[in-house]
Engineer: 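Got a structure here, written out as structure tokens. Questions coming.
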Amino acid sequence: MTALVDCNSFYASCERVFRPDLKDRPVVVLSNNDGCIVAMSREAKELNLPRGAPLFKVQKLLDQAGAVVFSSNYTLYGDLSRRIMEILESFTPHLEVYSIDEAFLELRGSLEELEDQACTIRDRVFSWVGIPVSVGIGETKTLAKIASHRAKKNAGNICIPTPSQWPDILKETDVKEIWGIGRQYGQKLHSKEIHTAADLILQEDSWVKKNMTLVGLKTLWELRGKPSFTLEETPPPKQGIMSSRSFSFPVTEMEDIMEAGADYASRAAEKLRAQNSACRVIHCSVMTNPFRESDRQYARGMTEQLSFPLSYTPSIVSVVHRQLEKLYRPGFRYKKIAVFLSEIEPAREGQLDLFYKKDSRNDAVMEAVDRINNRYGRHSLHCMPLRPGSRWQMKRERLSPLYTTSWKDLPVVRCGAPLLKQRGPG
DNA sequence: TCTGGGGTCCTAGGACCC
DNA sequence: TCTGGGGTCCTAGGACCC
């Protein structure tokens, strides 16, 4: 059977782990640049804010409700996620880490045994990491997803339907809630009077294939109980690597654009090397803020095909700089630039250019740079002077401490007075 | 004033080959 | 005047996911 373990309101729950005072209070977490709401605790969801609402539009409502607002702290969420996945690994040899807050597990046993395992998973994650999770179990990934949705609404956060319960559950599941069916397909299905999962499984394969492509057909089979999406235990290397950020302020100067370009290109190159890859194509783009309709708008990208694969940061940065020099037009208020690396291949297998003599010392330099930056922080060594507090850098005004990854943010536990007396000073 | 940042897969259609 | 039948590769666009 396939189990989906899904963290409840993951980012909001992470913020609560070291802040027990936030229990029962609405907690929301913002996107980069403190822009939109990307996560809400249960109490915050009850305020009925529109999904993805920009903070400034709902600030008043949040204040009235006494909500606590955080900037995204991906370092914290990533570290807690890693700890959770480590726990889940101990329950099965077959685990797919599907996203930062979800994993599929292959489990075996009778329904009672499965329920036992699900409870142990839930309790262990909560007591060892402090994050509440839901567990849904079904014969396929798609069914496990449906079960986990229902688990979120159960008191115990666990849902393992028996074969006789499934037909009713499918009748109660709107097609739009099915994994793999989004807004477009959802609307299309509704317009054809296909409203629930139970309606969908009665459709002809050929009709579904024609209207929803092969992916839709596999979803249909999964709903009928035939596994069609396999567990991906080792994530395949990325085929494209994107690094892009909005600026906290409108940027007008080329100097700032170049600085951001070097930073984003370095970040992309780091990700590339982390999976032992090199890229053959570099794409770079700039854009103004489309929400400011009074501003003159400008958006353009540029693609360069390289004659040999690259992963060396200084080379990638210089390509990006060359592109940005051509893309930049004075007189615009820029909001965002992006660097995208594609045609990615394993680093050492690439077909070389006849005239390119690879300098193997570059690899050694990058390995050392990556090690140093991993250990001492991202910008310890970088390619171009980065002025601390540059105007364009991301806004994160409500960032919580790095409780688990930074010595200076480590929480301090104070023992009670009686204990100190017993033990003496110090 | 303030509106995120990543990814995947599939298909149709055009250009080209013999 | 009549104008086939097979392929491949690439790209743009559209759907989806977190």
Side-chain angles (χ1 to χ4, degrees), chain A residues 4 6-7 9-11 28-39 49-60 62 69-74 77-78 81 96-104 141-142 145 148-149 175-189 208-219 222 228-230 232 235-250 260 264 267-268 271-272 275 281 283 285 287-295 301 303 305 333 335-344 394-398:
Chain A
L4 178 66
D6 192 331
C7 302
S9 310
F10 182 55
Y11 297 169
V28 310
V29 179
L30 304 174
S31 63
N32 280 345
N33 267 316
D34 293 347
C36 297
I37 293 178
V38 293
L49 309 170
R51 273 190 87 81
L55 176 63
F56 72 96
K57 284 191 180 171
V58 294
Q59 179 82 65
K60 242 188 192 156
L62 291 173
V69 179
F70 289 97
S71 304
S72 291
N73 187 344
Y74 285 106
Y77 312 152
S81 170
E96 173 184 344
V97 176
Y98 179 64
S99 74
I100 194 166
D101 73 331
E102 281 170 84
F104 290 104
K141 285 171 135 184
T142 306
K145 269 272 187 186
S148 104
H149 277 149
V175 285
K176 288 183 189 172
E177 292 166 28
I178 300 169
W179 186 45
I181 296 181
R183 253 200 13 241
Q184 303 294 324
Y185 287 147
Q187 271 178 19
K188 191 168 179 175
L189 290 171
V208 173
K209 167 105 197 285
K210 182 158 174 270
N211 288 279
M212 299 167 68
T213 80
L214 186 58
V215 184
L217 183 58
K218 287 186 177 176
T219 299
E222 288 241 319
S228 306
F229 298 119
T230 52
E232 296 221 359
K238 305 232 178 305
Q239 300 167 23
I241 289 174
M242 163 94 86
S243 174
S244 84
R245 291 278 184 288
S246 298
F247 305 130
S248 50
F249 267 80
Y264 298 7
R267 193 191 314 257
K271 291 190 209 170
L272 192 61
Q275 63 167 35
V281 167
H283 177 93
S285 61
M287 65 182 285
T288 50
N289 185 352
F291 291 104
R292 289 181 63 112
E293 289 170 11
S294 53
D295 279 9
T303 302
Q305 180 82 43
R333 293 153 64 85
K335 178 61 179 171
K336 186 178 187 173
I337 69 169
V339 173
F340 183 65
L341 310 179
S342 61
E343 290 195 18
I344 287 174
M394 198 160 67
K395 188 167 122 189
R396 295 208 286 182
E397 287 172 352
R398 305 155 194 257

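Chain letters run A, B, ... following the sequence lines, proteins first and then strands; every chain starts at 1.
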Engineer: In whole angstroms, how far is the P atom of dC18(C) from the OH atom of Tyr74(A)?
Structural biologist: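 In whole Å, dC18(C) P lies 15 Å from Tyr74(A) OH.
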
Engineer: What integer distance in Å separates Gln184(A):CD from dG13(C):P?
Structural biologist: 16 Å

Engineer: Taking atom C1' in both dC17(C) and dG4(B), what distance in whole Å separates the two?
Structural biologist: 15 Å

Engineer: Verify, without hydrogens or angle tests, whether Lys176(A) (side chain) and Ile181(A) (backbone) share a donor-acceptor contact under 3.5 angstrom.
Structural biologist: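 No, because the side chain of Lys176(A) does not come within donor-acceptor range (under 3.5 Å) of the backbone of Ile181(A).
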
Engineer: I need the NZ-P distance between Lys210(A) and dA15(C), as an integer number of Å.
Structural biologist: 15 Å

Engineer: Among dG4(B), dC18(C), dC16(C), which is the nearest nucleotide to the side chain of Ser31(A)?
Structural biologist: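 Within the option list, the nearest is dG4(B).
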
Engineer: Holding to salt bridge (charged side-chain N to carboxylate O under 4.0 Å, His left out), I want the full list of residues that pass it with Arg396(A), two or more places apart in sequence or in another chain.
Structural biologist: none

Engineer: Specify the separation, in whole Å, of atom CD of Glu177(A) and atom P of dC16(C).
Structural biologist: 15 Å

Engineer: Can you tell me if the side-chain N/O atoms of Lys145(A) get under 4.0 Å from OP1 or OP2 in dC18(C)?
Structural biologist: yes

Engineer: Excluding sequence neighbours, so at least two apart, what forms salt bridge (charged side-chain N to carboxylate O under 4.0 Å, His left out) with Arg267(A)?
Structural biologist: Asp263(A)

Engineer: Look only at the side chain of Asp295(A) and the backbone of Thr288(A), and say whether a donor-acceptor pair between them is shorter than 3.5 Å.
Structural biologist: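 Not confirmed, Asp295(A) side chain does not pair with Thr288(A) backbone.
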
Engineer: Where the side chain of Trp179(A) is defined as all heavy atoms beyond and including C-beta, which of dG4(B), dC18(C), dT1(B) is the nearest nucleotide?
Structural biologist: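 The listed nucleotide nearest to Trp179(A)'s side chain is dC18(C).
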
Engineer: Mind checking what makes salt bridge (charged side-chain N to carboxylate O under 4.0 Å, His left out) contact with Asp101(A), not counting sequence neighbours?
Structural biologist: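 If we apply the salt bridge (charged side-chain N to carboxylate O under 4.0 Å, His left out) test to Asp101(A), skipping adjacent residues, there are no hits.
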
Engineer: With Lys145(A), which residues qualify under salt bridge (charged side-chain N to carboxylate O under 4.0 Å, His left out), at least two apart?
Structural biologist: Glu102(A)

Engineer: Students often get this wrong, so: under 4.0 angstrom with heavy atoms, is Ile181(A) touching a base, only sugar-phosphate, or nothing?
Structural biologist: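 Sugar-phosphate, backbone atoms only, no base.
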
Engineer: I'd like to know if the side chain of Lys271(A) and the backbone of Met242(A) have a donor-acceptor N/O pair within less than 3.5 Å.
Structural biologist: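 It does hold such a pair.
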
Engineer: So what does Asp101(A) touch, heavy atoms closer than 4.0 Å: a base, only the sugar-phosphate, or nothing?
Structural biologist: sugar-phosphate

Engineer: Atom OG of Ser285(A) and atom CZ of Phe340(A): how far apart are they, to the nearest 0.5 Å?
Structural biologist: 10.5 Å

Engineer: Could you state the CD1-P distance from Ile178(A) to dC18(C), rounded to the nearest angstrom?
Structural biologist: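 So the two atoms are 13 Å apart, to the nearest Å.
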
Engineer: Whole Å only: how far is the NZ atom of Lys395(A) from the P atom of dT1(B)?
Structural biologist: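 Answer to the nearest Å: 13 Å.
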
Engineer: What are the atom names and distances for every N/O pair under 3.5 Å that joins the protein to nucleotides 5-11 of chain B?
Structural biologist:
| unit_1 | atom_1 | unit_2 | atom_2 | d |
| --- | --- | --- | --- | --- |
| dG5(B) | OP1 | Ser246(A) | N | 2.5 |
| dG5(B) | OP2 | Ser246(A) | OG | 3.0 |
| dG5(B) | OP2 | Lys336(A) | NZ | 3.2 |
| dG5(B) | O3' | Arg245(A) | NH1 | 3.2 |
| dG6(B) | OP1 | Met242(A) | O | 3.3 |
| dG6(B) | OP2 | Ser244(A) | N | 2.1 |
| dG6(B) | OP2 | Ser244(A) | O | 2.1 |
| dG6(B) | OP2 | Ser244(A) | OG | 3.3 |
| dG6(B) | OP2 | Arg245(A) | NH1 | 3.0 |
| dG7(B) | OP2 | Met242(A) | N | 2.6 |
| dT8(B) | OP1 | Gln239(A) | N | 3.1 |
| dC9(B) | OP2 | Gln239(A) | NE2 | 3.2 |

Engineer: For Tyr98(A) and Phe104(A), indicate whether the former's side chain and the latter's backbone hold a donor-acceptor pair under 3.5 Å.
Structural biologist: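 Looks like no, no N/O pair under 3.5 Å.
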
Engineer: In dot-bracket, 5' to 3', how would DNA chain B read with Watson-Crick or G-U wobble pairs under 3.5 Å, [ ] for crossing ones and | for pairs to another strand?
Structural biologist: ....||||||||||||||

Engineer: Without decimals, in angstroms, what is the distance between Asp295(A) CG and dT3(B) P?
Structural biologist: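 My rounded result for the distance is 11 Å.
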
Engineer: Between Ser31(A) and Cys36(A), is there a donor-acceptor pair closer than 3.5 Å when you use the side chain of the first and the backbone of the second?
Structural biologist: yes

Engineer: Give a yes/no on whether any side-chain N or O of Arg292(A) is located under 4.0 angstrom from OP1 or OP2 of dT3(B).
Structural biologist: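 No.
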
Engineer: Rounded off to whole Å, could you give me the CG-to-C1' distance for the Asn289(A) and dG4(B) pair?
Structural biologist: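 From Asn289(A) CG to dG4(B) C1': 13 Å.
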
